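Following: one structure in structure tokens, then a few remarks.
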Amino acid sequence: MKTSCTLYTPRLFIMKNIHTGESMRPPLDVKKTLNLPQTQFSMKANLPQNEPKWLEKWEKMGMYEKTRKARAGRPKYVFHDGPPYANGAIHEGHALNKSLKDFVVKSKTMAGFDAPYIPGWDCHGLPIEIKVDASLGGKKLQMAPFDVRQECRKYAQKYLDLQRTQFKRLGVFGRWERPYSTMDPQYESVIVRTLFDFMEKGAVYKGLKPVYWCIHDRTALAEAEVEYAMHTSPSIWVKYRMTSDPANVDACLAGKKVSTIIWTTTPWTLPASLAVAFHPELDYVALEHEGEVYIVADALAKQAIEKIKLTGATESARFPGSKLEYSKFAHPFLDREILGVLANYVTTEQGTGAVHTAPSHGADDFNTGMKYRLDASSNVDAAGKFIQGLPEYKGKRVFDGNFDIVELLRSRGALMGSEKIEHSYPHCWRCHNPVIFRATEQWFISMEAPIEGVTLRQRSLDEIKKVKWIPAWGEERISNMIATRPDWCISRQRIWGVPIAVFFCESCGKLLESKEAHQAVVDLFAREGADSWYTRAPHEILPPETKCAHCGGNQFHKENDIIDVWFESGCSQAAVLEHEPELSWPADLYLEGGDQYRGWFHSSLLCAVGTREHAPYRGVATNGWTLDPQGRATSKSLGNGIDPVEIANRLGAEIVRLWVASVDFQQDVTVSQELMDKVSEIYKKIRNTFKYILSNLYDFQPELHALNFEEMLPLDQYMLLRTEEVAERVRKWYESFEFHRIYQQINEFCTVDLSNIYFAVLKDRLYTAAPKSPARRSAQTAVWRIGEALVRLVAPIMTFTSEEIWPFLPQILDRPESVHLAYFPQAGEITGKVPNLIYAQTLRADFDSLMAIRDEAMKPLEAARKEKLIGSSLEAVVTIHAPDSLYKLLERYQGELRYLLTVSGVEVKHASGGNGKTPLHVEVAKAPGQKCERCWNYSVHVGTNERYPAVCERCLAALEEIEQEQPA
RNA sequence: GCAGGAUUAGCUCGAAGGUCGAGCCCGCGAUCGAUAAUCGCGAGGUGUUGGUUCGAUUCCAACAUCCUGCACCA
């Protein structure tokens, strides 16, 4: 082993040779014989200026297409892009998500897969329609739906274009000039095709559902169109007499006159009252007062007694709410039986613990109604008028009816108390009138529809289990959602979307169920887009001879509702994966924010399982939310986010990308200007490491100068082994999408292993050894291989900088023109073929120990520095008192030690004490001799040579080699 | 209220039933041949309260705070 050190140990005969002055030529300029680093690769990145140039270059050369061609025929990796909503500029959440996707696609490409990336946009829907509404103002009412849709389309296209430009600016590679969009005719056609598939399987039905309804504008409102404002309502307590035997609830109540008391702020819903809800686990008490018994929740009894003046009431029984299920009550003024039901949403905050339930006028009430099979049809028309009922209120508008109904209750002796209450209440954001909940007809996809023998719900749950969820808890999360979700309400009373393109018979009103009609619509949409629904008459769309299956009628009218946009994006697996020849179904991966468990992951799953029986993805990964440094979610209203494009223009897109790589995206991630600045510092460090690598390869041509592994110095071999390990880990982490580990690893490797240690040690050899000496070539070989490996490993993340570095590395045969066309370093590629595994393991272990010893030696060196004994460590010589366990190792590498420690000399001694357990001890002394002006080491030989008096024995040897190289 | 997640150094991360660790930041130095660089040394931490254990930051249970989605305000 010791022989390896002789590579750069001076040989005496050379000294003699120079000493005798055989050469007659004048001495060299010693300083000029150094091989100091040189490179055109600039320290300063100027990312904001340079990145756009790269983008332009890539665009011109067709970079994305080249990556596709370079991987043609390789195994596919199908990543499917979730469509962002084409509304507004991109924010940090977009930057996070799209960068991650780019890491995936680029790393898969470099790992050897054919990994296309077709970005897409979600273009229909309420937010855009609302924005367009606002800009059109009153004009909209005069406009035909088709024209409104054109405005919406323009709006969506504008933001699609903006976002596309911004995503490209971040360095994301993809088929940007031909993205997919939910408003493409082809896509729109797939949406209706998918809808018809569901219909033809019998999975779609029309049913009732209470929605926010503005009686002034006579329209359904979306959640987003409702705003809360203070509103004064009546607040009344109403007696519901029990008609079933009270003994069934509690024996003590036998034979008594029993009622419960409900509290409500919407008396107008009482005509629709069908049930009273109790909480199954709450305690209820029976309060006896003046010969009557009233059932209320225990927790609210005191409050109720006060409000409805039951002073002196006594408790005659107590039981859980569950006892009241299926008890019967009388409606206070209608001839109707009221059912006792159980519901978990009953609270003890207000009221009596007995909640009047009108399924047609509340979401909770509706769900409870469904459970108990109560009728949910509405008795209130679009203008908010009662359609039928007692003369006291029939035909009145609901809010006006409040007063009359209260009076009616009073006259029937059912009113226990009444006051006014001011509370927060939903209002229409357009006309600012209070809104109501009203049951309307909507289209649903049944979760219980049979798919291949089991329900859509169960089939979906089964499919979830086959998917790899990253992180793993995603499986539980989406399973819980699918398991408990109600039927999917897919209709919206809107304009900007894809119509539920079905027809009804003019004469009998029944739905036209015809596969031929369906196909005609699908074909029409593929040709002309969904807009044609608004420009064409039914007979232009339907095949001739279309007849109603029920009455034989041949006149039809069109459905006006459109489809929920989640259904649209849920169709992307069909419209994109299936349709694009480059892609295939199912996808290998979806990667979106965690909000998409309820969104795209969910709707894609249902659409795919419902029509294709299987999940559309093999894997689903999620990224967390972006938070500000205080841990608050970033939002437009708080203004606590950052603009990724602004960062790109100030610090560079590379910094945004590096930030994305620096955080664990599976959790919520912090984002701030300060963080970006910090990442920017890390960037500089990594960049400088590369710069140093490049600057030492200016006279290195691998084909001519690279050494084989076994010819290299042990330290260089060791570093190649380490790099090999780093590459292996990084490749693995790309596979598991643990980009933050890559970032940490690369940062640490560059900082600690390379910059702090290896390059510090290597300087002496690279600078002072004869340029063509094996010692220097060994170092250069290692540096080159490390650079060539690192640049590829960081390329998916540092898209711009890796490409900038690429041409500065030595060109060798068959090297691709861009780093993004290259492959990751393969196993064994960096070290070449390690000839001897045992040798490698020994080397690895030896140097791990040597590095630890080096680390130990730094402390006494620093102490010496503090005492002004030395400045540079080359001013020192060191004595290592080694325990027996280390002595042999140190002796073996004796020749290397002074270089490893960057001191002018090392002596190794047995540690005194002799029990073998004495810890390592390092002594520092001022180096004897003088500083060599060439290599800065101290040596007693400096001044002993006549031609080169300022130089040490090592440099003399090097100079001799150099002189022999150069013609006189 | 329901479902899921998170909490480790000032920041970003990592580890593990056995003295926690890395980089950055910060402080103090060195160097002047990576120079708007580079190197060394130092300081600094497991949300709270219980439990299991010889030993808990790790396992368990509560609590607190934050994030996401959903529901609700009769």
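Because the structure is predicted, anything quoted here is derived from the model rather than measured. Convention: sequence-line order gives letters A, B, ...; per-chain numbering from 1.
Ser695(A) comes within contact range of no nucleotide atom at all, as no heavy-atom separation falls under 4.0 Å. Leu627(A) comes within contact range of the sugar-phosphate backbone alone, with a heavy-atom separation under 4.0 Å but no base atom that close. At a threshold of 4.0 angstrom between heavy atoms, the contacts of Gly362(A) with the nucleic acid are absent. Contacts of Arg741(A) with the nucleic acid, taken as non-hydrogen atoms under 4.0 Å apart, involve only primed sugar atoms and P, OP1 or OP2. Across all strands shown, Ile262(A) has no heavy atoms under 4.0 Å from either base or sugar-phosphate atoms. Arg854(A) comes within 4.0 angstrom of nothing in the nucleic acid, heavy atoms only. Residue Tyr743(A) is classed as having no contact, given no heavy-atom separation below 4.0 Å to the nucleic acid. Looking at heavy-atom distances under 4.0 Å, Val752(A) makes contact with sugar-phosphate atoms alone, never a base. Heavy atoms of Glu738(A) sit nowhere under 4.0 angstrom from any nucleic acid atom. Using a 4.0 Å heavy-atom cutoff across all strands shown, Asn480(A) reaches sugar-phosphate atoms only and no base atom. In this structure, Glu681(A) reaches neither bases nor backbone, as no heavy-atom distance under 4.0 Å exists between it and the strands shown. Backbone-only engagement by Gly631(A) is indicated by non-hydrogen atom pairs under 4.0 Å involving sugar-phosphate atoms exclusively. Using a 4.0 Å heavy-atom cutoff across all strands shown, Thr357(A) reaches no nucleic acid atom at all. The residue Ala633(A) sits close only to the backbone: its heavy atoms come under 4.0 Å of sugar-phosphate atoms, none of a base.
Taking the side chain as every heavy atom from C-beta outward, Trp268(A) and His361(A) approach each other to under 4.5 Å. The shortest distance between side-chain heavy atoms of Val211(A) and Phe437(A) does not fall below 4.5 Å. Between Thr39(A) and Lys691(A) the shortest side-chain heavy-atom distance falls below 4.5 Å.
Pairing partner, rG33(B): none, since no Watson-Crick or wobble contact has both distances short of 3.5 Å. rU12(B) and rA22(B) make up a base pair, with Watson-Crick or G-U wobble contacts both under 3.5 Å.
The CD1-P distance, from Ile870(A) to rG40(B), rounds to 13 Å in whole Å. When the P atom of rA37(B) is taken as reference, atom CG of Asn756(A) falls 15 Å away, rounded to whole Å. Rounded to an integer number of Å, the gap from Phe601(A) CZ to rU68(B) C1' is 13 Å. Going from atom CE of Met481(A) over to atom C1' of rG69(B) covers 5 Å, rounded to whole Å. Counting to the nearest Å, the C1' atom of rA22(B) and the NE2 atom of His740(A) are 13 Å from each other. Going from atom CZ of Arg477(A) over to atom P of rG69(B) covers 8 Å, rounded to whole Å. In this structure, CZ of Arg865(A) is placed 9 Å from P of rC41(B), rounded to the nearest angstrom. When rounded to the nearest whole Å, the span between CD1 of Ile742(A) and C1' of rG23(B) equals 16 Å.
Considering only side-chain N and O atoms, Lys691(A) lies under 4.0 angstrom from the phosphate OP1 or OP2 of rU35(B). A sub-4.0 Å separation between OP1 or OP2 of rA30(B) and a side-chain N or O of Lys868(A) is present. Residue Tyr597(A) has no polar side-chain atom (N or O) positioned under 4.0 Å from OP1 or OP2 of rA3(B). Taking side-chain N and O atoms only, Thr484(A) has no distance below 4.0 Å to OP1 or OP2 of rA3(B). A sub-4.0 Å separation between OP1 or OP2 of rC67(B) and a side-chain N or O of Trp625(A) is absent. Neither OP1 nor OP2 of rC73(B) sits under 4.0 Å from any side-chain N or O of His423(A).
Among the nucleotides rA22(B), rG40(B), rA34(B), the one closest to any side-chain atom of Glu748(A) is rA22(B). Taking only side-chain atoms of Thr751(A), from C-beta outward, the nucleotide of rC24(B), rC41(B), rU35(B) with the closest atom is rC24(B). Proximity note for Lys859(A) (side chain, C-beta onward) versus rG10(B), rG42(B), rA36(B): the nearest is rG42(B). Closest to the Lys31(A) side chain, of the nucleotides rG33(B), rU35(B), rG40(B), is rG33(B). For Lys931(A), taking side-chain heavy atoms from C-beta onward, the closest of the listed nucleotides rG23(B), rC39(B), rC32(B) is rC32(B). Side-chain proximity of Asp595(A) to the nucleotides rA22(B), rU68(B), rA6(B) is greatest for rU68(B). The Asp664(A) side chain lies nearest to rG14(B) when the options are rA30(B), rG14(B), rA3(B). For Lys763(A), taking side-chain heavy atoms from C-beta onward, the closest of the listed nucleotides rC41(B), rA22(B), rA34(B) is rA34(B).
The pair Glu681(A)-Lys678(A) fails the salt-bridge criterion, with no side-chain N (NZ, NE, NH1 or NH2) lying under 4.0 Å from an Asp/Glu carboxylate O.
Contact of Arg598(A) with rU68(B) (side chain to base): no donor-acceptor pair of N or O atoms is detected under 3.5 Å. Interface remark: the Lys685(A) side chain does not form any donor-acceptor pair with the rG23(B) base, using a distance-only criterion of under 3.5 Å. In this model, no side-chain donor or acceptor of Thr39(A) finds a partner on the base of rA34(B) within 3.5 Å.
Aromatic ring orientation, His231(A) versus His427(A): perpendicular (interplanar angle above 60°, classes split at 30° and 60°). Ring planes of His94(A) and His91(A): tilted class, angle from 30 to 60°.
Relative to the ring axis of Trp237(A), Lys307(A) does not place its NZ or CZ within 45° and under 6.0 Å from the centre.
In this structure, the aromatic ring of Trp936(A) is positioned over the six-membered ring of the base of rG33(B), centres within 5.5 Å and planes within 30°.
Mapping Val669(A) and Lys44(A) onto RNA chain B by nearest heavy atom places Val669(A) at the nucleotide closer to the 5' end. Both Gln630(A) and Ala354(A) lie close to RNA chain B; mapped to their nearest nucleotides by heavy-atom distance, the more 5′-ward contact belongs to Gln630(A).
For rU57(B) and rA15(B), the C1' atoms lie 11 Å apart once the distance is rounded to whole Å.
For the residue pair Thr260(A)/Tyr284(A), the side-chain donor-acceptor check at 3.5 Å is not satisfied.
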